[in-house]
2 protein chains.
Amino acid sequence: MNGPSGTMTKRATVGDVAAHAGVSTATVSRVLNGGAVTDATAAKVWEAVARLDYTPNALTKSIFAGRSSTIGVVIRDLSSPFYLDLIRGVDEVAAANDSLVLLANTFRQVDREVAQVRTMDEQRVRGLVVTTGETTDGRTRRMAESGTPCVVVARTVRNPPPRLHSVSLNNRKAGRLMARHLAGCGRSRVGVITSGSRQSQLERTAGLRRALAELGLPLPADAVAVAETETEVSHALSSLVAGARSRGTPLDAIVCTTGRLTVAVHSALTARGVAIPDDMAFLTMDDFPWAAALGITVVAQPAYEMGRRAAELIVERLAEPVKHVFDPALVARTSCGEARTGHSARD
Amino acid sequence: MNGPSGTMTKRATVGDVAAHAGVSTATVSRVLNGGAVTDATAAKVWEAVARLDYTPNALTKSIFAGRSSTIGVVIRDLSSPFYLDLIRGVDEVAAANDSLVLLANTFRQVDREVAQVRTMDEQRVRGLVVTTGETTDGRTRRMAESGTPCVVVARTVRNPPPRLHSVSLNNRKAGRLMARHLAGCGRSRVGVITSGSRQSQLERTAGLRRALAELGLPLPADAVAVAETETEVSHALSSLVAGARSRGTPLDAIVCTTGRLTVAVHSALTARGVAIPDDMAFLTMDDFPWAAALGITVVAQPAYEMGRRAAELIVERLAEPVKHVFDPALVARTSCGEARTGHSARD
DNA sequence: GTGAAAGCGCTAACAT
DNA sequence: ATGTTAGCGCTTTCAC
């Protein structure tokens with residue numbers, strides 16, 4: 001049962017400490033958790049704790065509390081910079097609240113999502129942050145109902161029960177920021193690379209299309225190409241470019257609606273010998289450390305803040321469902337060329 | 001005790017399931033964990049489980065097992081790409097072994113390190129992966145001795161007890177690869193930016209210096225500057241460049257021994273108007289997604305594999321301490337200019 | 001095959 | 001101020 005053996009010194013328990021200090025287990029518990037005790041007994045107990053190298057079992061403690069002191073985070077794709085910053089935010093407030101982060105990466109597989117969320121439930125996490133799709137909604141609802149605060153990231157839930165919150169981005173505004181910036185830089189024929197049919201992706205494209213239309217710039221359906229993975233990007237880009245050219249309206253801007261594919265889109269562009277921004281403007285989601293060096297203009301999400309807020313919602317334990325929508329911000333660099341007219345990035 | 005309230009449906013326990021199925025708790029446990037039971041009783045139990053939406057309490061289970069099914073990971077700096085890949089590796093094999101990752105970021109603060117490792121111990125993690133400094137060695141030793149496999153990353157431990165393993169990089173070889181590549185590209189006056197006095201940093205610089213010396217290229221002490229944080233990089237670079245110039249031997253290569261500072265060094269170089277590789281070769285540690293786009297040559301660490309191996313060591317539970325040293329690999333791009341002579345990247 | 005009872009390590013009433 | 005007793009939710013003998 002114990003695998004390849006080796007000398008193992010067994011761990012001390014409250015009982016051991018009590019025995020060595022000549023007191024009861026209740027007293028030990030009191031000195032450890034701050035009850036009313038004499039300095040003398042406290043000293044004896046601490047001495048025993050030190051000598052036995054006693055380390056309390058947090059698992060057992062959690063049984064009484066009904067739940068662990070851990071915040072669960074289920075991430076779809078741990079390689080995306082957005083999620084890394086999100087986790088940092090969660091971890092930051094978790095640490096400030098004596099909690100640890102219990103992490104699970106689902107590698108974008110639905111069956112894993114369901115299993116991981118279930119596992120988090122079994123672990124009796126203090127709260128749960130999920131970036132998964134609707135498949136897991138049934139369980140998160142029940143978790144929230146039975147007392148575990150849950151926060152859905154980048155998606156909203158219709159008719160949420162108590163304690164089921166959401167933290168998301170104003171995606172339509174993100175699209176709008178993109179449209180206005182592009183127009184301000186004199187671009188009029190934009191092609192979009194988007195990732196599947198997640199709510200956030202759809203809304204960004206919708207916001208972009210709407211704002212473009214208001215500026216008199218149509219975004220035909222075939223100017224939007226879907227790429228689920230990095231390997232599909234090159235093909236998506238080709239069809240976009242070829243399609244537009246055959247229609248006699250060659251593109252002068254490429255928008256990428258997900259930070260996850262920024263590298264892939266950029267390298268596909270480069271591979272085709274496209275000069276940015278001279279041949280083509282390039283605008284993408286999510287700021288990242290190298291963006292400045294590369295001069296890539298982005299619409300940034302406050303990922304770190306979103307993580308912080310998610311964790312705060314868990315710690316606060318409000319019954320009332322909170323729906324926190326964050327604002328995106330355009331970070332203008334050089335990948336869309338010079339702005340023609342002075343325009344505001346505000347709203 | 002329960003914060004702002006709201007209707008909370010209480011959770012079902014084995015007892016509830018037993019009652020609803022008309023059996024004992026022992027039988028419920030048997031059905032759930034695969035004991036000898038009649039198909040008929042099994043059916044009754046499963047039915048009750050479904051109707052009550054019973055979700056077993058993993059915390060309580062862990063009490064019997066003596067430890068949780070969680071792998072602890074204490075990270076110094078969650079914003080470093082190396083650690084992100086490491087975590088992905090750990091998570092991958094954790095998931096394959098019915099474990100979750102319990103994560104803690106120490107924000108490079110020693111006191112937090114100590115506290116987090118202790119917390120991991122209290123959580124009775126199945127095993128622990130630490131990337132922290134020697135401050136935590138005392139506890140990791142004791143943890144290993146009392147049965148928790150521990151893996152130290154990027155550092156080795158002298159005279160380890162059973163179950164205290166290490167996963168690291170052959171740092172001297174990393175330095176050697178750098179030296180040979182630089183020499184192969186015709187560079188002879190290199191300046192180094194390194195981060196503090198961690199074992200790995202020291203070894204990389206030592207390996208670089210030694211290999212450079214073998215090639216007849218000295219690396220004077222003042223050609224090595226220390227930058228702990230990103231903000232210190234600019235200053236370090238300036239002193240390096242100015243010092244070399246005043247000595248009449250202007251630098252023709254900059255080496256950065258930590259991936260964490262790659263962005264900062266690169267941007268400091270750019271800010272000074274230094275052309276890479278024409279004015280200066282640039283060589284750094286750790287591969288990253290944008291390196292190809294930027295043409296930056298790196299010495300890569302197999303971070304993901306290292307994470308996998310660390311988790312494997314935990315799952316395997318060998319008593320004998322394992323010290324796994326990984327080989328670095330040079331990924332040649334354009335930031336050091338053209339290679340003058342055909343040289344091998346091997347050894 | 002199934003149940004009753006003991007107990008994992010700890011805390012939380014009750015007593016004293 | 002301290003000890004005793006009863007659990008928390010689950011597994012695991014040990015009888016039947």
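Computed over heavy atoms, backbone and side chain alike; hydrogens, waters and symmetry mates excluded. Predicted model only: the values in this text are computed from it and were never measured. Residue numbering restarts at 1 for every chain, and letters A, B, ... go by the order of the sequence lines.
The side chain of A/Thr38 contributes an N or O atom lying less than 4.0 Å from OP1 or OP2 of D/dT2. For D/dC8, neither phosphate oxygen OP1 nor OP2 lies less than 4.0 angstrom from any side-chain nitrogen or oxygen of B/Thr13. Between B/Thr60 and D/dG9 there is no side-chain N or O to OP1 or OP2 distance below 4.0 Å. Checking the phosphate oxygens (OP1, OP2) of C/dT11, a side-chain nitrogen or oxygen of A/Ser29 falls inside 4.0 Å. Checking the phosphate oxygens (OP1, OP2) of D/dC8, no side-chain nitrogen or oxygen of B/Asn57 falls inside 4.0 Å.
The CG-P distance, from A/Leu32 to C/dA12, rounds to 12 Å in whole Å. What separates NZ of A/Lys61 from C1' of C/dA12 is a distance of 14 Å, to the nearest Å. At whole-Å resolution of the value, CG in A/Leu59 and P in C/dT11 are 13 Å apart. Distance, B/Tyr54 OH to D/dC10 P: 3 Å, rounded to whole Å. The distance between atom CZ of A/Arg11 and atom C1' of C/dC10, rounded to the nearest whole Å, is 15 Å. Between the CG atom of A/Asp16 and the P atom of C/dG9 there is a distance of 9 Å, rounded to whole Å. Across the protein-nucleic acid pair, A/Asn33 atom CG and C/dG9 atom C1' stand 13 Å apart, rounded to whole Å.
At a cut-off of 3.5 angstrom, the base of D/dG3 holds at least one donor-acceptor pair with the side chain of A/Arg30.
Using a 4.0 Å heavy-atom criterion, one finds that B/Val37 contacts the sugar-phosphate atoms exclusively. Among the atoms of the strands shown, none is found under 4.0 Å from any heavy atom of A/Val28.
Side chains of A/Ser166 and A/Arg155: a donor-acceptor N/O pair is absent below 3.5 angstrom, by distance only.
Nucleotides C/dA6 and D/dT5, compared at atom C1', are 16 Å apart to the nearest Å.
The residue among A/Phe64 and B/Ala26 whose nearest nucleotide of DNA chain C is located toward the 5' end is B/Ala26. Between B/Thr27 and B/Ile63, the one whose closest nucleotide on DNA chain D sits nearer the 5' end is B/Ile63.
You'll find the side chain of B/Thr70 stays beyond 4.5 Å of the side chain of B/Arg126, heavy atoms only. In this structure, A/Leu86 and A/Val153 have side chains that are in contact, with non-hydrogen atoms separated by less than 4.5 Å.
Using a cutoff of 4.0 Å between basic side-chain nitrogens and carboxylate oxygens, A/Glu92 and A/Arg88 are not scored as salt-bridged. Salt bridge present: B/Arg11 and A/Asp121 bring a charged side-chain N and a carboxylate O closer than 4.0 Å.
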